[in-house]
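Lettering follows sequence order; numbering is per chain, from 1. These numbers were taken from a predicted model, which means no experiment stands behind them.
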Amino acid sequence: MKDMTIKQMYRQDGHFVNEKISVSGWVRTVRASKNFGFIELNDGSFFKNLQVVFDENLENFKELAKLTVGSSLRISGIVVESPGAKQPFELKADSIEIEGHSTSDYPLQKKSHSFEFLRTIAHLRPRTNTFSAVFRVRSLVAFAIHRFFQERGFVYVHTPIITGSDAEGAGEMFRVTTLDMENPPRNEEGKIDTSRDFFGKESNLTVSGQLNVETYCMAFRNVYTFGPTFRAENSNTTKHAAEFWMIEPEIAFADLDDYMDLAEDMLKYIIAYVLENAPEEMEFFNKFIDTTLLERLNNVASSDFVRVTYTEALELLRKSGEQFEYPIDWGSDLQTEHERYLTEKIFQKPVFVTNYPKDIKSFYMRLNDDNKTVACADLLVPGVGEIIGGSQREERLDVIEAIMKEKGLNQEDYWWYLDLRKYGGTKHAGYGLGFERAIMYITGMANIRDVIPFPRTVKTAEF
RNA sequence: UCCUCAAUAGCUCAGUCGGUAGAGCAUGCGGCUGUUAACCGCAGGGUCGUAAGUUCGAGUCUUACUUGAGGAGCCA
């Protein structure tokens, strides 16, 4: 007798008919009548369920007929072709062992629940169709990202989660400390004496691995980090979480166009990988979450992304005649409404917006010859907005020092970062992809809380 | 942090003009020989988010607070 997964059975359609096999899994629904019944079993290996037929010949038939949703079973029987239209085959059970009962207060029903309710039972929601699909796709996307970079010879660098540099400037940070919160040591001025903290200085959770990964870029040429990052922003939106994952590749001897080429290839690669390896899940999203999803993703795979400069983008917005709440003004950042209009109305596909004014961008972005803009590019996609931000980095020591001065940054805090410009610095570029935003884009899910197993947002850390 | 909306049974919701609580699903029990969110019958299940106020009387009106959702800002 073969111990099988439901995935094996579906992927080798019909191959096991008339064979005796065993499976184990959880009850999704039971439909029993007087002398026989049906169990929908999900074993976790596959999006679809296996229909199990059981009848009164089983010694525990009465007990089985009263099974509640969520119970776990071990079943053996013969695979037979199914007379029902909704499944190609089913399992005719000759023994069903109840491994774990589920009590009658099991909160998941055989109907759809609101995402808001399911967030309150984050420990049970992976058992639902939607979350089963989301988190299998999340796993596949993570693998596809690694495979994409590894195939191209990139080195995976584990940048630190705890950082001692307090000047990364990407947002509010979470403090890491072992000092006694009730009674912290104080220095002569009465301030908290961070020299007596664990690291001998103030430390925080990282907001970005970029500065660290650039150092490895100057040794390995092409590198990437892929790990968690933390932002303590008081941000209450569908697209922000306090803990999220980022992919940050960095490529040496490369400019802005090389970065955009790489990012575009990467996104297309990931989408193709997921469409090939999770067709059932993607079909489910297309049917129940976002009916334009597959059309959109196929369109992305087969067409080139748009590339416009910030200045051109402003011109397009101005010429559109659309009334915007915020003014279109050279020098200020694009607002959400502007980004959405560009990617959703004007182009209806992913758009790189390049060469923003230097004053609204980070110090490490390479200054263009016009002395007004920097060599950066944000990738905007319909529905989600910005999912990638990146730039060519400033490799000229004198220029980056001048910009840091202009932005009021303390050069001593960046001494090791600036060393990269002294010791064989090269042209290089890199970007950051918000992992969860990519998942949202690929699945059509609208809220970041529903693509993270246990989301961390303002005032929420129950699980 | 700002703006808007919401909170009634385990879930999803209805509740008229202010007059004292309803449905479907779920759960329990019973029925049913091929079901597909099975179907049919019966039953149990409520401090109407919290606190105060107006009123003879508040799920319904007012205020504050709490929680959630959507949008904005910040960003990925």
- For the residue pair A/F324 and A/H338, categorise the inter-ring angle as parallel (less than 30°), tilted (30 to 60°) or perpendicular (more than 60°). perpendicular
- Message: Tell me whether the rings of A/F226 and A/F435 are parallel (<30°), tilted (30 to 60°) or perpendicular (>60°).
- Response: perpendicular
Can you check the distance between [N] and [M], where both ends of the measurement are the [atom1] atom (answer in whole Å)?
N: B/rG73; M: B/rC3; atom1: P; value: 16 Å
N: B/rU8; M: B/rG68; atom1: C1'; value: 16 Å
N: B/rU50; M: B/rC40; atom1: C1'; value: 43 Å
N: B/rU20; M: B/rU27; atom1: C1'; value: 28 Å
N: B/rU54; M: B/rG15; atom1: C1'; value: 22 Å
N: B/rC39; M: B/rC5; atom1: P; value: 39 Å
N: B/rA43; M: B/rU47; atom1: C1'; value: 24 Å
N: B/rC61; M: B/rC17; atom1: P; value: 11 Å

Can you find a side chain N or O atom of [X] that sits less than 4.0 Å from OP1 or OP2 on [N]?
X: A/K111; N: B/rA37; result: no
X: A/K86; N: B/rA38; result: no
X: A/T336; N: B/rG73; result: yes
X: A/S114; N: B/rU12; result: yes
X: A/Q51; N: B/rU35; result: no

- Give a yes or no on whether a donor-acceptor pair under 3.5 Å exists between the nucleobase atoms of B/rU27, that is its base, and the side chain of A/D105. no
- Message: Quick check: any donor-acceptor pair below 3.5 Å linking the side-chain of A/K239 to the base of B/rC75?
- Response: no
- Given the options A/E250, A/E248, A/Q150, A/Y224 meets side chain to side chain donor-acceptor pair (under 3.5 Å) only with A/Q150
Counting the atoms with a prime plus P, OP1 and OP2 as sugar-phosphate, which does [X] contact under 4.0 Å by heavy atoms, base, sugar-phosphate, or nothing?
X: A/Q109; answer: base
X: A/Q87; answer: base
X: A/A241; answer: base

Taking the side chain of [X] as its heavy atoms from C-beta onward, which of [options] lies nearest to it?
X: A/T460; options: B/rC11, B/rG68, B/rC32; result: B/rG68
X: A/K66; options: B/rC11, B/rU35, B/rG30; result: B/rG30
X: A/R449; options: B/rU33, B/rU12, B/rG70; result: B/rG70
X: A/S235; options: B/rG34, B/rC74, B/rG68; result: B/rC74
X: A/E90; options: B/rU35, B/rG28, B/rG73; result: B/rU35
X: A/E116; options: B/rU35, B/rA37, B/rG68; result: B/rG68
X: A/E339; options: B/rA26, B/rC75, B/rU1; result: B/rC75
X: A/T238; options: B/rG71, B/rA38, B/rG28; result: B/rG71
X: A/F117; options: B/rU12, B/rU67, B/rG70; result: B/rU12
X: A/N447; options: B/rU36, B/rC11, B/rA69; result: B/rA69

Using Watson-Crick or G-U wobble geometry with both distances under 3.5 Å, which nucleotide pairs with [N]?
N: B/rG24; result: B/rC11
N: B/rU1; result: B/rA72
N: B/rC17; result: none
N: B/rC61; result: B/rG53
N: B/rG41; result: B/rC29
N: B/rA6; result: B/rU67

- Given side chain to side chain contact (heavy atoms under 4.5 Å, CB included), test A/K361 with A/Y310 step by step and report yes or no. CA-CA 12 Å; A/K361 287 293 181 181; A/Y310 166 87; over 6 Å; no
- Message: One thing to verify: whether A/R152 and A/D265 come together as a salt bridge, which I'm taking to mean a side-chain N less than 4.0 angstrom from a carboxylate O.
- Response: no
- Message: Just verifying a value: how many Å separate A/D255 CG and A/S391 OG, rounded to the nearest 0.5 Å?
- Response: 11.5 Å
- Picking from A/R456, A/R138, A/K239, what satisfies salt bridge (charged side-chain N to carboxylate O under 4.0 Å, His left out) with A/E436? A/R138
Starting at atom [atom1] of [X], determine the distance to atom [atom2] of [N], rounded to an integer number of angstrom.
X: A/E56; N: B/rC32; atom1: CD; atom2: P; result: 11 Å
X: A/I448; N: B/rC74; atom1: CD1; atom2: C1'; result: 14 Å
X: A/R119; N: B/rU12; atom1: CZ; atom2: C1'; result: 16 Å
X: A/F36; N: B/rC32; atom1: CZ; atom2: C1'; result: 9 Å
X: A/R31; N: B/rA37; atom1: CZ; atom2: C1'; result: 9 Å

- Query: Checking A/T354 side chain against A/A377 main chain: does a donor-acceptor pair fall under 3.5 Å?
  - Reply: no
- Task: Let me know, please, whether A/H113 or A/T29 comes out on the 5' side of the other along RNA chain B by nearest nucleotide.
- Result: A/H113
